[in-house]
Every structure is written in C-alpha cells, then in structure tokens.
Amino acid sequence: TAHLSEASTAQVEAVIEAERPDAVLVELDPARLARFGFSGPSALGKPCVSAAGIEPPPLGDDLAAAAAESPWWQPAQDAFLDLFSVAARGLMSSMYSDMGRDMGGLKGGGEFLKAIQVAERDEKCVKIVLGDRDSVATLRRAGELSLRSGDPFRVLRRLYDVSESSFDELEAQVVREAKARGEKLEGDGAVSVAVMEAMKASPEARARMFARLAEEVLWY
C-alpha cells in the first residue's frame with residue numbers, strides 16, 4: 001500500500017471485508033499507535049500482539065563492526081545515533097503531515113487506521129498484529145550503516161537524491177500521460193496524489209527505484 005493514498009485505504013477495507021481473516025497485521029509498532037488516536041495496544045478493540053522484543057540475527061558485517069568497536073568512540077557514537085533516530089522520526093512524521101496537507105488533507109498511514117477499524121468491527125477477526133519493528137530502532141540502524149560507510153552525510157545525500165529523482169521521473173511521466181488523456185492536474189496536491197497512486201500501481205517503477213537504491217546506496 002501507499003501511505004498517502006485514498007485508493008490504498010479503500011483497497012485495505014475491501015480486501016479485509018471480502019476475506020474476513022482471523023487476524024489482521026499492520027505495518028506499525030506500538031509507539032506509532034498514538035498518531036492514530038490510540039493510547040497503546042490495550043486501546044485497540046481486539047487482542048493485540050506485536051514484534052516488540054524480536055531482534056534479527058546479526059549479519060557478518062555487524063559482527064565485524066562489533067569486533068572493531070572502540071571503547072572510546074562507542075559512547076559518543078551511541079549518543080549520536082540515539083539523537084539521530086529520534087530526530088529523523090520527527091522529521092519523517094512532519095514530512096508525511098505536510099505532504100498529506102498538500103494532497104488535500106490525507107492522513108499518512110490512513111490504510112493502517114482503516115485496517116484496524118475494519119478488524120475491530122469484524123467478529124471473525126480475533127487478533128490485530130503490530131508487525132513492524134520499532135521505527136526509532138530502524139532509523140538508528142540506518143544511521144549506524146551510514147556511519148560505517150565512513151562518509152555518512154554523503155550516504156544520506158545519495159539516499160535522498162535517488163528517491164527524489166525517482167519520484168521526479170515518475171511525476172514527469174504521470175503529467176505526460178494525463179495530458180495525453182486530456183486531463184489537467186490542478187495544483188501540486190493533485191500531482192502528488194497522482195504520482196503516489198502511480199507508484200502504488202506500477203511494480204516496474206518500484207523495481208527501478210529499488211534497483212537504483214541497491215546500486216547507488218549499497219551500504220543499505
């Protein structure tokens with residue numbers, strides 16, 4: 001799904017209502033429930049389990065990095081990563097809020113909230129699963145990998161540049177196709193909505209972007 005997409009929200013509702021699963025998994029962690037008006041997992045209308053406490057096994061480069069850690073540098077690095085991850089999550093939340101406002105008042109992650117709401121009202125669904133890793137831990141991991149590269153700011157800049165250029169290319173395509181159909185996309189908000197829906201609907205566009213990320217931001 002796309003996190004800023006009315007089509008994704010409608011699709012989530014339609015699929016859950018049609019399939020009526022025993023459990024619904026959403027790509028959230030407990031800490032992010034507050035963004036959708038829930039005080040915590042106990043506030044959901046169904047029993048809830050989460051991925052909290054599940055840690056992926058270390059990879060070879062993780063073990064090598066741990067062996068090379070300096071007792072003098074590590075406290076400073078840990079402090080930096082803690083600050084970076086919290087700040088990055090705040091910036092991402094603000095970015096989604098700004099994008100949603102520009103796109104006609106869409107709420108980032110609206111499909112998550114819809115999935116929870118549909119699960120709560122379906123008697124057959126007995127469990128809601130919060131299946132994502134803590135977002136701060138994920139961003140901390142990104143910061144850690146950036147530091148290992150030796151030039152973290154260059155890595156983060158590459159990540160931004162690849163993402164931005166991929167969306168710019170798709171935006172140009174979306175605008176061309178709209179003109180060919182005789183449609184006019186009024187304002188940046190309408191263009192953003194159309195680009196988001198195009199990204200959601202196009203496996204080829206997503207594959208191109210992730211291939212570029214794998215090639216140009218290889219530390220991730």
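The structure displayed is predicted, hence computed values, not measured ones. Counting from 1, the numbers follow the sequence of the chain as shown.
Here the CG atom belonging to Leu159 is positioned 11.5 Å from the CD atom belonging to Glu164, to the nearest 0.5 angstrom. To the nearest 0.5 Å, atom CZ of residue Phe80 and atom CG of residue Asp78 are 11.5 Å apart. The distance from the CZ atom of Arg89 to the OG atom of Ser85 is 8.5 Å, given to the nearest 0.5 Å. Considering CZ of Arg154 and CG of Leu156, their distance stands at 11.0 Å, rounded to 0.5 Å. Between Gln173 atom CD and Leu170 atom CG the span is 5.5 Å, to the nearest 0.5 Å. To the nearest 0.5 Å, atom CG of residue Leu139 and atom CG of residue Leu81 are 11.0 Å apart.
The only option from Val15, Val126, Ile16 that meets the side chain to side chain contact (heavy atoms under 4.5 Å, CB included) definition with Pro21 turns out to be Ile16.
Contact check for Val24 versus Asp122: no side-chain heavy atoms found under the 4.5 Å cut-off. The shortest side-chain heavy-atom distance between Lys179 and Lys184 does not fall under the 4.5 Å cut-off. Under the 4.5 Å side-chain criterion, counting only non-hydrogen atoms from C-beta, Cys48 is in contact with Leu130.
Between Arg140 and Asp82, at least one side-chain nitrogen of the basic residue sits less than 4.0 Å from a carboxylate oxygen of the acidic one, meeting the salt-bridge criterion. Salt-bridge annotation for Glu144 and Arg148: present, with a side-chain N of the basic residue lying under 4.0 Å from a carboxylate O of the acidic one.
Other members of the cluster containing Ile54 do not exist, because no ILVMFWY side chain is joined to it at under 4.5 Å. Listed by chain and number, the hydrophobic cluster partners of Val49 are Leu25, Val129, where partners are ILVMFWY side chains within reach of under 4.5 Å, directly or through others.
In terms of the side chain to side chain donor-acceptor pair (under 3.5 Å) criterion, Arg133 has no residue partners (sequence neighbours excluded). Every residue two or more places apart in sequence or in another chain that forms a salt bridge (Lys or Arg N to Asp or Glu O under 4.0 Å) with Glu17 is listed here: Arg121. Residues passing the side chain to side chain donor-acceptor pair (under 3.5 Å) test with Ser166: none are found, sequence neighbours excluded. Checked against side chain to side chain donor-acceptor pair (under 3.5 Å), Thr1 has the following partners two or more places apart in sequence or in another chain: Glu111.
Within the structure, every pair that satisfies the ring pair (Phe, Tyr, Trp, His ring centres under 6.0 Å) test and touches residues 1-27, not counting sequence neighbours, is listed here: His3-Phe112. Applying the ring pair (Phe, Tyr, Trp, His ring centres under 6.0 Å) test to pairs two or more places apart or on separate chains, none has a residue in residues 41-62. Listed by first and then second residue, the salt bridge (Lys or Arg N to Asp or Glu O under 4.0 Å) pairs involving residues 167-177 are Glu169-Arg212 (not counting sequence neighbours). Legend: ring pair (Phe, Tyr, Trp, His ring centres under 6.0 Å) pairs involving residues 175-202, not counting sequence neighbours: none detected. Pairs engaging residues 19-47 under the ring pair (Phe, Tyr, Trp, His ring centres under 6.0 Å) rule: none recorded [sequence neighbours left out]. Applying the side chain to side chain donor-acceptor pair (under 3.5 Å) definition to pairs two or more places apart or across chains, those involving residues 27-40 are Asp29-Arg32, Arg32-Asp132.
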Item to check | Intermediate values then yes/no, side-chain contact (heavy atoms from CB on, under 4.5 Å), Val174 and Val191 | outcome: CA-CA 8 Å; Val174 166; Val191 172; 5.8 Å; no

Next on the checklist: Let's go through Val118 and Val12 carefully: what are the C-alpha distance in whole Å and the side-chain angles of both, what is the deciding distance for side-chain contact (heavy atoms from CB on, under 4.5 Å) to 0.1 Å, and is it a yes or a no?
Outcome noted: CA-CA 9 Å; Val118 178; Val12 164; 6.0 Å; no

Checklist entry - Would Glu13 and Gln117 count as a side-chain contact (heavy atoms from CB on, under 4.5 Å) if you check the C-alpha gap in whole Å, the side-chain angles of each, and the deciding distance to 0.1 Å? => result CA-CA 9 Å; Glu13 182 174 26; Gln117 291 172 336; over 6 Å; no

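When all heavy atoms of Gly150 and Pro152 are compared, the closest pair comes out as C-CD, 3.8 Å.
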